[in-house]
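Side chains included, hydrogens not; waters and symmetry mates left out as well; all remaining heavy atoms used. Since this is a predicted model, take the numbers as computed values, not measurements.
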Amino acid sequence: MPNPVLGVFFHWLGGLASGSFYVPYRGVKFWSWETYWLAGGFFSWIIAPWVLAGFMTRDLTAVLGEAPPNAVMWCYVFGAMWGLGGLTFGLTMRYLGMSLGMAVALGYCAAFGTLVPPIFNGTFMSQVVGTQSGRVILFGVAVCLIGIAIAGLAGISKEREMPEDKKKEAIKEFNLKKGILVATFSGVMSASMSYGLAAGDPIKAITLNHGTPILWQGLPVLVIVLFGGFTTNLIWCVILNVRNKTGHEYISPRLATAERGTVSVPMLANYLFCALAGTTWYMQFFFYSMGETQMGAYKFSSWTLHMASIIIFSTLWGIGLKEWSGTSAKTKRLLTLALAVLIGSTVIVGYGNYLGTTSATGH
């Protein structure tokens, strides 16, 4: 029987992983963005999905071999579309920082990723609007979007208040206009992950037929979806490596820099930080797939819980990394309100799912 409380907990763990993954990248020295993004991506999109799916599920290769070609195709296509959002998500962090960048990009991502699947499946009016539990969940989604909007207002207020040197100290490449444009594109395209996971439902059924526990049924789907994301990220990063002449960074222990001349690159540390960042990033969907299994008939609401949790933890990281130092009491109140509203949204969505499970069992 689904357990929405456990599901919310898993989504919080996923949010913690996603909200934290960018922190290890700060330890990478003398590598360009495209180099450390691709290095970490090998762990995010290839190594971690295959290792954990192979370890936690039964007959992984047989399951993938039996998967319907149509389901595999759409999982891959949506994964590739998500990959476009994922690679620009990294740029969003560069231009806006963790707090504001996450709020803007994930606002779009939450709206599109949560509402489009039930609309596309034709269950929005009957299953969502037409039931008490569905309406409570829909209200929770609206509260989440309000919280995201408040977080965005806090970020804009911070941007107006902070002196230029403080902005550059906290976020070296801060650029509000460029960041907003990139974040918008990233958020809309990143919602494709939700579509890809939904397209993998037939594969989940095959996974269960092979004896895999319900909790791990989504892991083989992640292998396919993330391979699609790997494709687009690989192409773009290699293009940047060629264009910026940075391809040698993967193997060069010494690099020439404009600021410091020739420097020694901590190759082992760089790869370890990338491995940590990439694996941490993957864990968001590892826990997401677990949480989704506990949300019953309203598993589409998982995306809202995921987005809210990411913003909560990324904002806390932003505070810890002093991205909000020097801001006014008004801005900090907005930030506190945003966190409170987002936490409240996860409670409301979880309660809506609880109503759905109790009505289904007649209790």
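No side-chain heavy atom of H210 sits less than 4.5 Å from a side-chain heavy atom of T207. A 4.5 Å side-chain heavy-atom check between W33 and L240 finds at least one atom pair inside the cut-off. Counting heavy atoms from C-beta on, the side chains of F139 and V136 never come closer than 4.5 Å. In this structure, T57 and V63 have side chains that are not in contact, with every pair of non-hydrogen atoms separated by 4.5 Å or more. Contact of the T262 side chain with the L255 side chain is not registered, since no non-hydrogen atoms from C-beta on lie closer than 4.5 Å. Contact of the L16 side chain with the I312 side chain is not registered, since no non-hydrogen atoms from C-beta on lie closer than 4.5 Å. At a threshold of 4.5 Å between non-hydrogen side-chain atoms, the residues Y76 and T231 count as touching. Inter-residue side-chain proximity for W45 and F227 is flagged as unmet; no heavy-atom pair is nearer than 4.5 Å.
F43 and W281 have their aromatic ring centers separated by at least 6.0 angstrom. Taking the six-membered ring where the residue is Trp, the centroids of F287 and H11 are separated by 6.0 Å or more. Note: W216 and F286 meet the aromatic proximity criterion, with ring centroids under 6.0 Å apart.
Using a distance-only test at 3.5 Å, with no hydrogens or angles considered, a donor-acceptor pair links the side chain of T232 to the main chain of A80. Proximity of a side-chain donor or acceptor of S192 to a complementary backbone N or O of Y195 within less than 3.5 Å is not detected. No side-chain donor-acceptor contact under 3.5 Å links N270 to the backbone of V265. Looking at Q217, its side chain does come within 3.5 Å of a backbone N or O of I214 through a donor-acceptor pair. At distances below 3.5 Å, not a single donor-acceptor pair connects side-chain atoms of S186 with backbone N or O atoms of A183. Between the T212 side chain and the L208 main chain, no donor and acceptor come within less than 3.5 Å of each other. Of the possible polar contacts, none joining the Y36 side chain to the F30 backbone as a donor-acceptor pair under 3.5 Å is found. In this structure a side-chain-to-backbone donor-acceptor pair under 3.5 Å is missing from S309 to G15. One N or O on the side chain of T280 and one on the backbone of L276 form a donor-acceptor pair closer than 3.5 Å. Remark: side-chain polar atoms of T246 are not paired, donor with acceptor, to backbone N or O of V242 under 3.5 angstrom.
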Check your understanding: So W31 and Y271, ring pair (Phe, Tyr, Trp, His ring centres under 6.0 Å) or not? Walk me through it.
Key -> CA-CA 11 Å; W31 276 2; Y271 276 110; 4.9 Å; yes
Before you tell me yes or no, could you show the steps for Y282 and F21 under ring pair (Phe, Tyr, Trp, His ring centres under 6.0 Å), namely the whole-Å CA-CA distance, both residues' side-chain angles and the distance that decides it to 0.1 Å? CA-CA 9 Å; Y282 169 76; F21 89 93; over 10 Å; no
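For the residue pair S264/R254, the side-chain donor-acceptor check at 3.5 Å is satisfied.
In Y250, the OH atom is crowded: over 12 heavy atoms of neighbouring residues, nucleotides or ligands sit closer than 6.0 Å.
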